[in-house]
Amino acid sequence: MNAAKILKTYFGYDLFRNGQEEIIRAVLSGRDAMAVMPTGAGKSLCYQVPALLLPGVTLVISPLISLMQDQVKSLNEAGIHAAFINSSLTEAQISKALNLALQGTYKIIYAAPERLESAGFMRFALNAEISMVTVDEAHCISQWGQDFRPSYLKIVDFIERLPVRPVVSAFTATATKEVKADIECILRLRNPEIVVTGFDRENLYYRVEYAAGKQKDAFVMDYIQKHPNESGIIYCATRKNVDTLYENLFKSGIPVTRYHAGIDNETRKKNQDDFIYDRAQIVAATNAFGMGIDKSNVRFVIHYNMPQSMENYYQEAGRAGRDGENAQCILLFSPQDVMINKFLLGKKEFEGMEEEDIELIKERDAGRLRVMEGYCKTTSCLRRYILEYFGERVNGSCDNCGNCHHKYTEADMTADAKWVINCIAETRGRYGLNIVLGTLLGAKRARLREVGAVSYKSYGALENRSESELRLLIDHLLAEGYLIQTDGEYSVLRMGDITRLRDENTRVIVKKLEKKDGPAKSRIGKKRSTDGLTSAGYRLFERLRGLRLEIAREEAVPPYIIFSDKTLIDMCVKLPENKRGMLAVSGVGEHKFQKYGQRFLDEIAEFKTDAPGTVISDEN
């Protein structure tokens, strides 16, 4: 059996996605490999397919219990024997699993990085034929990344102790150029095949909405009510926000659960399962939730607060639309979010690190926060902002994000900009935004009298402008480098490079939001979705979803592990009548057909009998 046959037989796909075949070919030839692929691009297939063709065992290092459990369930459902080794198992269960792996029962073993240090696991590794060590979420190995885990550094020592060095493969969705180089260097990859397929997720629609306080609650409530039965994640910066939001949604009758580190382990596990098994439509959570969650039918991710970095945002927002279907990623932003994140970063612990390294990490954290704030404030294409941060060159705008669908008016604020620069010069870069704004607006504040700002030439110079207009102008001047905002506990505004402003032909043009035209759904059109189904087709889709939920409860697995929404939609379009037709549906492999195929064929046949001649899809 070759790679293409395994792809079809076990996973039900006819073709490999971009980048998958190159990685698989390299691994099978004995080369190390590293792949940077976006969430939902099929990274796991890049090591699961060759694992079935290589002799012995493939060991997958994975950071979270939930990720391992999800992957193992999916593999077993596809007819592939796999197991995980982590703290959720007893020592007797771990010993049994490792013995079965030695006997050849399991081709893939998932293990937490901490497990590599145990004597029992090392005995297994020294006696097993390990053909490949795969490092999932490989960015965790870089201390310059956003999710550094010291336990990942043990992987290199573990590999070096093995009697025969296996192929080493590494996978991540979030790696800047620096982190990518770190992964390659620290893991000591040998002549690796490096594949970067790009960071664009075409099926995701990005939006930023300015909202503060109760406006955020109102937006969330309105969005959920307009999108009934859709599965979604709402990320909050603090546990308090999670609890408050949860209470509000629960009282409104919305099937919601919550997840954060302040909840005991047993309840947290139950809440996570409620969301994964579709018992709860919504989960409100801190960023402690989601890493390794493979739930494919998340239709929206709302950030109640701005995340601390673009890496975090990309990873968290990327949990929407893993099935390739259209999904929304909405960030609710208020200036208070920046202050919250500065406070949280200030509490970050750096145990055992050198002072010099600590200062460097703090600088990088502050830089990432500035980038994230810039994303929230930019009037340019949001998708392009994300892609350019990760090093991709983008031509033009995407016409598939909130900013591309907003209408802006342009204002020449060159004269105002010069007054702002003059004010910064008068303050000598000693004060922050509030003093500068108050001075320019001519505010009657005791603090302004105290610092002597009332005697500045710039005092009241822009009193005809609103505070929001001046904030937009200062954001623009910061983005263009005319001004610099320092980091630290007391952030101040200082002069940047104002050379260009001395040129009389240089204009400062500021865009102001005029009217929002954000659509209820993204204007993609390339991806098949329920939008292509007729009302009858949608009724069939709902019936197939009901059957899937029924089977999932019988099997005690999440519904998306039976079949994804995308697979159900393909069934609605192709209307298979027999085994051959069902195996032509994307995502239906031999093993899943044997287990579930006939029940879905019967459901489709019954629907066609009830509604003969009904047009199901625009593609029929």
A3: partners by side chain to side chain contact (heavy atoms under 4.5 Å, CB included), with sequence neighbours left out: F16, I24, V49, L53
Would you please name every residue forming a salt bridge (Lys or Arg N to Asp or Glu O under 4.0 Å) with E542, sequence neighbours left out? R545
Name all residues meeting the side-chain hydrogen bond (donor to acceptor under 3.5 Å, both in side chains) criterion together with Q598; count only those two or more places apart in sequence or in a different chain, and write none if there are none. D602
Please list, chain by chain and in numerical order, all residues satisfying salt bridge (Lys or Arg N to Asp or Glu O under 4.0 Å) with D323, sequence neighbours excluded. R299
For S397, enumerate each residue passing the side chain to side chain contact (heavy atoms under 4.5 Å, CB included) test, keeping only those at least two apart in sequence or located in another chain. C381, R384, C404
Below 4.5 Å, heavy atoms only, C-beta onward: do P38 and T197 meet side chain to side chain? yes
Sequence neighbours excluded, the answer for side chain to side chain contact (heavy atoms under 4.5 Å, CB included) partners of K595 is E77, E555, H591
Holding to side-chain hydrogen bond (donor to acceptor under 3.5 Å, both in side chains), I want the full list of residues that pass it with K226, two or more places apart in sequence or in another chain. D222
Please check: side-chain N/O of S95 versus main-chain N/O of E91, any donor-acceptor pairing under 3.5 Å? no
Can you list every side-chain hydrogen bond (donor to acceptor under 3.5 Å, both in side chains) pair that touches residues 575-584, not counting sequence neighbours? E577-K608
With sequence neighbours excluded, residues passing ring pair (Phe, Tyr, Trp, His ring centres under 6.0 Å) with Y110: none
N/O donor-acceptor pair under 3.5 Å between K574 side chain and A584 backbone: yes
Once you measure the plane-to-plane angle for Y223 and H227, does it fall in the parallel (<30°), tilted (30-60°) or perpendicular (>60°) bin? parallel
Would you please name every residue forming a side chain to side chain contact (heavy atoms under 4.5 Å, CB included) with T567, sequence neighbours left out? F563, S564, M571, V585, V588
With under 30° as parallel and over 60° as perpendicular, where do the rings of F289 and Y235 fit, or are they tilted in between? tilted
With E129, which residues qualify under salt bridge (Lys or Arg N to Asp or Glu O under 4.0 Å), at least two apart? none
Below 4.5 Å, heavy atoms only, C-beta onward: do F11 and I6 meet side chain to side chain? yes
Is the distance between the ring centroids of Y206 and Y385 under 6.0 Å? no
So, do F84 and L89 sit near enough that their side-chain heavy atoms are less than 4.5 Å apart? yes
Can you name the residues that form a salt bridge (Lys or Arg N to Asp or Glu O under 4.0 Å) with E554, not counting sequence neighbours? R599
